[in-house]
Amino acid sequence: MAQGQRIGYIRVSSEGQNTERQLEGVALDKTFTDKVSGKNQDRPQLQLMLGHVREGDEVFVHSMDRLARNLGDLLQLVTDLTRRGVRVTFTKEAQTFTGDDSSASKLMLSIMGAVAEFERAMIRERQLEGIAIAKTKGVYKGRKPSLTTEQAAQVRERVASGEKKAAIARAFGVSRETIYQCLK
């Protein structure tokens with residue numbers, strides 16, 4: 001296998017989270033960083049990284065749950081990369097996958113991926129329990145509306161005058177879905 005680039009993939013779940021601890025001290029040629037949920041593979045930087053890597057490259061990821069939060073996606077991503085001749089290294093777990101992996105390595109990948117998926121499900125379950133308790137206490141108000149009452153009125157006026165919804169959404173810094181919800 002030819003010596004290729006050392007590629008880093010970093011992911012945090014939200015914009016405010018710090019990425020610095022991931023892959024600290026690992027010498028990399030290029031890094032791709034997503035600040036979105038890992039619940040699926042629909043992540044801009046992940047897709048760019050997958051399109052960028054070539055045979056002989058090595059992808060470094062801090063931990064398995066940073067690459068994927070469910071077992072199916074984790075196995076698919078690692079398998080797809082290794083079939084293309086790309087090594088995948090998870091620094092926290094000290095595991096590297098090449099495609100010629102032992103049965104024990106494959107088992108470890110499956111176990112760690114299942115743990116990440118279980119962890120995500122438990123977080124979601126606790127979150128829903130907390131919301132339910134807060135609602136019974138009258139504390140939970142939900143997310144604040146994206147548009148004020150005045151802005152919503154302006155949106156309705158602009159739509160009624162024939163302005164395109166996408167342009168209105170850009171003007172208010174919201175999604176088109178928010179505009180549609182406003183019109184309901």
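In this text the structure is predicted, and so the values were computed from the model without any measurement. Throughout, numbering of the chain's residues begins at 1 and tracks the sequence. Hydrogens, waters and symmetry mates play no part in the numbers below; they use all other heavy atoms, side chains included.
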Report yes if the side chains of [X] and [Y] come closer than 4.5 Å at any heavy-atom pair, otherwise no.
X	Y	value
T91	Q22	no
L183	R156	yes
L147	V174	yes
L46	L67	yes

Would you give the length of the straight line joining atom [atom1] of [X] to atom [atom2] of [Y], rounded to the nearest 0.5 angstrom?
X	Y	atom1	atom2	value
L23	R66	CG	CZ	11.5 Å
T19	R21	OG1	CZ	10.0 Å
D57	L81	CG	CG	10.0 Å
K106	L109	NZ	CG	10.0 Å
I10	K35	CD1	NZ	9.5 Å
T178	Q151	OG1	CD	11.0 Å

Looking at R84, I'd like to know if its CZ atom is crowded, meaning that more than 12 non-hydrogen atoms belonging to other residues, nucleotides or ligands lie closer than 6.0 Å.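 Yes - once you tally the heavy atoms of other residues, nucleotides and ligands closer than 6.0 Å, there are more than 12.
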Check: [Y] main-chain N/O paired with [X] side-chain donor or acceptor under 3.5 Å:
X	Y	result
D34	V36	no
D101	T98	yes
Q181	E177	no
E157	A152	no
D29	R6	yes
D73	N70	no
R158	K165	no

Does either side chain, that of [X] or that of [Y], offer a donor lying less than 3.5 Å from an acceptor on the other one?
X	Y	answer
Q5	E58	no
Q154	E150	no
D65	S63	yes

I111 and L107: CA distance, side-chain angles, deciding distance, side chain to side chain contact (heavy atoms under 4.5 Å, CB included) verdict: CA-CA 6 Å; I111 290 171; L107 175 62; 3.7 Å; yes
Determine all donor-acceptor pairs shorter than 3.5 Å in which one atom belongs to a side chain in residues 118-127; sequence neighbours excluded.
from, atom 1, to, atom 2, distance (Å)
E119, OE1, R69, NH1, 3.3
R124, NH1, Q127, OE1, 2.7

Where [X] and [Y] come nearest, the two heavy atoms and their spacing:
X	Y	answer
G51	R54	O-NH1, 2.7 Å
A114	L71	N-CD1, 3.9 Å
E163	A167	OE2-CB, 4.3 Å
M64	L74	O-CD1, 4.0 Å
T82	F97	CG2-O, 3.5 Å
L75	T79	O-OG1, 2.7 Å

Is there a path from M108 to V61 through hydrophobic residues (I, L, V, M, F, W, Y) whose side chains come within less than 4.5 Å of each other?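 Linked within one cluster.
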Do L48 and L50 share a hydrophobic cluster, counting only Ile, Leu, Val, Met, Phe, Trp and Tyr and linking them when any side-chain heavy atoms are less than 4.5 Å apart?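 Yes, it is one cluster - the side chains of L48 and L50 are joined through contacts under 4.5 Å.
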Report the C-alpha separation of R43 and Y9 in whole Å, then their side-chain angles, then the decisive distance to 0.1 Å, and conclude whether the side chain to side chain contact (heavy atoms under 4.5 Å, CB included) test is met. CA-CA 11 Å; R43 294 174 258 156; Y9 178 72; 3.0 Å; yes
Is there any ring-ring contact (aromatic ring centres under 6.0 Å, His included) pair reaching into residues 46-65, and which pairs are they, with sequence neighbours excluded?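 Matches after skipping sequence neighbours: F32-H52.
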Among residues at least two apart in sequence or on other chains, which ones pass side chain to side chain contact (heavy atoms under 4.5 Å, CB included) with T149?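 Listed in chain order: nothing, the list is empty.
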For F90, the option from V59, T96, V78 that meets side chain to side chain contact (heavy atoms under 4.5 Å, CB included):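 Exactly one option meets the side chain to side chain contact (heavy atoms under 4.5 Å, CB included) with F90, and it is V78.
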